[in-house]
Amino acid sequence: RKIFHDKEKLLSLYNALNHSHYEDPELLHITTLENAVYLSLQNDLSFVVDFDLWFFEHQSTLNPNMPYRFLLYLASEYSKMNSDDLLYSNKLQMLDTPHFVVFYNGTDPLPEYSTLKLSSAYRNKEETPQLELQVQVININLGFNSELMDACQILKEYAQFVAEVREQAKVYPNRQAIVQAVDVCIRRDILKEFLLENKKEVIDMVFFEYDAEAEKRVIYKDGKEDGAKEASAGTANQELLDISAEDLETDGEIASNDSEVEGTPGEAVLTSGEAENTVAQAKVAREQMRSQNKETLQAIIDNANISEEEKK
């Protein structure tokens with residue numbers, strides 16, 4: 001998120017996604033929700049360009065509820081408009097066209113592109129639901145989507161950084177692995193400028209993410225011990241995502257043994273029945289707590305009144 005708060009880098013990513021050639025970063029109007037009062041919403045990135053409203057989220061764990069979350073983000077964004085005109089005018093009020101993208105770099109196998117649908121959560125299924133919201137999920141692990149990576153150098157370097165963290169985690173404990181990965185990437189000119197300027201913050205935030213992943217694995221393990229049946233990763237992901245057989249045919253692989261290293265992201269155990277509800281509720285609660293803790297950590301890091309020694 002911090003990397004792409006730079007408008008030039010964000011425009012580079014937008015151009016790569018849309019095969020466009022915009023050059024003026026000021027064409028982007030950032031609309032990211034920051035600690036919004038409405039349902040405590042906070043999304044990674046959102047912006048408007050040429051009457052298109054884009055929502056970007058980065059995730060290392062597959063979340064089938066992203067269409068619902070994006071629906072809340074969109075409602076919050078549209079609510080900023082003049083409500084009287086929108087609700088009572090006898091003239092059609094024009095809206096920016098929404099687009100929803102999740103950039104995924106977890107260890108669970110996913111194809112290069114897949115789709116999440118809001119209608120998948122509907123209890124009563126309809127062939128043509130009156131309200132639909134589709135989210136494009138893009139796998140940005142190293143080895144996937146080479147055309148997109150080649151078109152956006154900063155995204156490619158981010159994928160290289162994540163891959164290096166996982167490689168170092170095979171040898172070193174979590175925090176040390178992150179430190180080693182940062183140093184290696186700086187030497188190899190991978191995100192060099194960004195890492196030099198934000199080294200401590202990057203280490204803290206990546207370490208926080210790893211801790212969050214470890215907590216999620218404990219939740220899934222508890223659900224499994226409650227006696228729920230395991231769903232195979234392939235079958236579960238097929239149900240969660242609107243993936244065709246052709247989508248699943250990809251040459252990219254995630255070469256990682258992260259599940260063998262304590263505290264690194266591992267496979268999610270998906271359950272059914274009552275245990276599934278328990279796990280889902282716990283996951284939502286953990287996600288909310290994680291978001292709050294992340295905001296607190298960021299506030300501490302950004303607080304100029306706190307010394308570096310106190311931050312440690």
Side-chain angles (χ1 to χ4, degrees), residues 1-2 4-5 7 10-11 13-14 17-18 27-104 113-138 212 239-242 277 280-296 298-299:
R1 177 179 178 177
K2 187 177 180 66
F4 290 103
H5 266 196
K7 281 190 174 183
L10 182 57
L11 184 60
L13 179 57
Y14 173 82
L17 276 175
N18 294 280
L27 291 173
L28 297 175
H29 173 58
I30 305 297
T31 62
T32 302
L33 298 171
E34 297 286 357
N35 302 316
V37 174
Y38 180 69
L39 294 181
S40 299
L41 291 177
Q42 184 178 32
N43 66 313
D44 281 354
L45 276 172
S46 59
F47 60 94
V48 174
V49 57
D50 198 19
F51 302 111
D52 283 325
L53 173 58
W54 289 82
F55 293 88
F56 286 175
E57 285 280 331
H58 163 259
Q59 291 195 330
S60 58
T61 302
L62 178 64
N63 185 341
N65 300 305
M66 284 310 300
Y68 173 66
R69 285 174 54 176
F70 277 126
L71 180 63
L72 297 183
Y73 297 158
L74 180 63
S76 180
E77 190 59 39
Y78 279 168
S79 70
K80 297 176 184 178
M81 301 176 62
N82 188 316
S83 58
D84 288 340
D85 287 345
L86 188 62
L87 296 175
Y88 305 114
S89 174
N90 60 2
K91 295 182 180 179
L92 180 65
Q93 301 299 307
M94 305 307 292
L95 303 172
D96 293 330
T97 304
H99 305 269
F100 311 96
V101 181
V102 168
F103 295 96
Y104 170 81
Y113 291 96
S114 50
T115 303
L116 291 169
K117 293 183 178 181
L118 181 65
S119 60
S120 297
Y122 294 166
R123 289 188 172 91
N124 294 325
K125 305 299 181 185
E126 298 177 335
E127 183 175 347
T128 308
Q130 293 187 0
L131 177 62
E132 183 63 281
L133 188 152
Q134 297 189 37
V135 178
Q136 185 178 37
V137 181
I138 303 176
E239 292 174 352
L240 292 173
L241 295 165
D242 180 23
N277 293 332
Q281 292 169 5
K283 184 175 181 181
V284 171
R286 287 285 185 174
E287 193 72 24
Q288 292 172 340
M289 181 62 70
R290 175 189 176 200
S291 178
Q292 294 172 0
N293 290 343
K294 193 172 183 179
E295 292 174 24
T296 302
Q298 188 66 57

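In this text, all values refer to a predicted model and were calculated from it rather than measured experimentally. Excluded from the calculations below are hydrogen atoms, water molecules and symmetry mates; all remaining heavy atoms, backbone and side chain alike, are included.
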Novice: Under the side-chain hydrogen bond (donor to acceptor under 3.5 Å, both in side chains) rule, collect the residues that match up with Q136, sequence neighbours excluded.
Specialist: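 Counting only residues at least two positions away or on another chain, Q136 forms no side-chain hydrogen bond (donor to acceptor under 3.5 Å, both in side chains).
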Novice: Tell me every residue that passes ring-ring contact (aromatic ring centres under 6.0 Å, His included) with F103, counting only those two or more places apart in sequence or in another chain.
Specialist: F56
Novice: What class does the angle between the rings of W54 and Y14 fall in, given that below 30° is parallel, 30 to 60° is tilted and above 60° is perpendicular?
Specialist: perpendicular
Novice: Hey, does L27 have a side-chain heavy atom less than 4.5 Å from the side chain of L11?
Specialist: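 No, side chains not in contact.
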Novice: Going through the distances and angles, do V102 and N63 end up as a side-chain contact (heavy atoms from CB on, under 4.5 Å)?
Specialist: CA-CA 10 Å; V102 168; N63 185 341; over 6 Å; no
Novice: Working to the nearest 0.5 angstrom, can you tell me the gap between L10 CG and I30 CD1?
Specialist: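 Going from CG on L10 over to CD1 on I30, the span is 5.0 Å.
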Novice: Considering residues at least two apart in sequence or located in another chain, which fulfil the side-chain contact (heavy atoms from CB on, under 4.5 Å) criterion with P67?
Specialist: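 P67 satisfies side-chain contact (heavy atoms from CB on, under 4.5 Å) with L116, L118, L133, V135 only.
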Novice: With a 4.5 Å limit on heavy-atom distance, are the side chains of S46 and Y73 in contact?
Specialist: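 Not in contact.
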Novice: Considering residues at least two apart in sequence or located in another chain, which fulfil the side-chain hydrogen bond (donor to acceptor under 3.5 Å, both in side chains) criterion with D52?
Specialist: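 Scan of D52 (side-chain hydrogen bond (donor to acceptor under 3.5 Å, both in side chains), adjacent residues dropped) gives H99.
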Novice: Applying side-chain contact (heavy atoms from CB on, under 4.5 Å), can you list everything that pairs with D50, at least two apart in sequence or on another chain?
Specialist: Y22
Novice: What heavy-atom pair brings L53 and E77 nearest, and what distance separates the two atoms?
Specialist: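 Here L53 and E77 meet closest at CD2-CG, 3.7 Å.
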Novice: OG1 of T31 to CG of L28: how many Å apart, nearest 0.5 Å?
Specialist: 10.5 Å
Novice: Check whether any side-chain N or O of S119 sits under 3.5 Å from a backbone N or O of E132 as a donor-acceptor pair, and report yes or no.
Specialist: no
Novice: Do P98 and Y78 come close enough that some side-chain heavy atom pair is under 4.5 Å?
Specialist: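 Yes. Closest side-chain heavy atoms under 4.5 Å.
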Novice: With no hydrogens and no angle check, is any side-chain donor or acceptor of Q130 less than 3.5 Å from a backbone partner on T128?
Specialist: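 Absent.
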Novice: Determine whether E57 and F70 make a side-chain contact, defined as any pair of heavy atoms from C-beta on separated by less than 4.5 Å.
Specialist: yes
Novice: Mind checking the CG-CG spacing from L74 to D96? Nearest 0.5 Å is all I need.
Specialist: 10.0 Å
Novice: What I'd like to find out is whether the side chain of V137 reaches to under 4.5 Å of the side chain of Q59, using heavy atoms alone.
Specialist: no
Novice: Rounded to the nearest 0.5 Å, what separates atom CD in E127 from atom NZ in K125?
Specialist: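 E127 CD to K125 NZ: 14.0 Å, rounded to 0.5 Å.
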Novice: How long is the straight-line distance from CG of L71 back to CZ of F55, given to the nearest 0.5 Å?
Specialist: 10.0 Å
Novice: Does Y104 use its side chain to pair, donor to acceptor, with the backbone of Y113 at less than 3.5 Å?
Specialist: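 Judged by distance alone, no pair lies under 3.5 Å.
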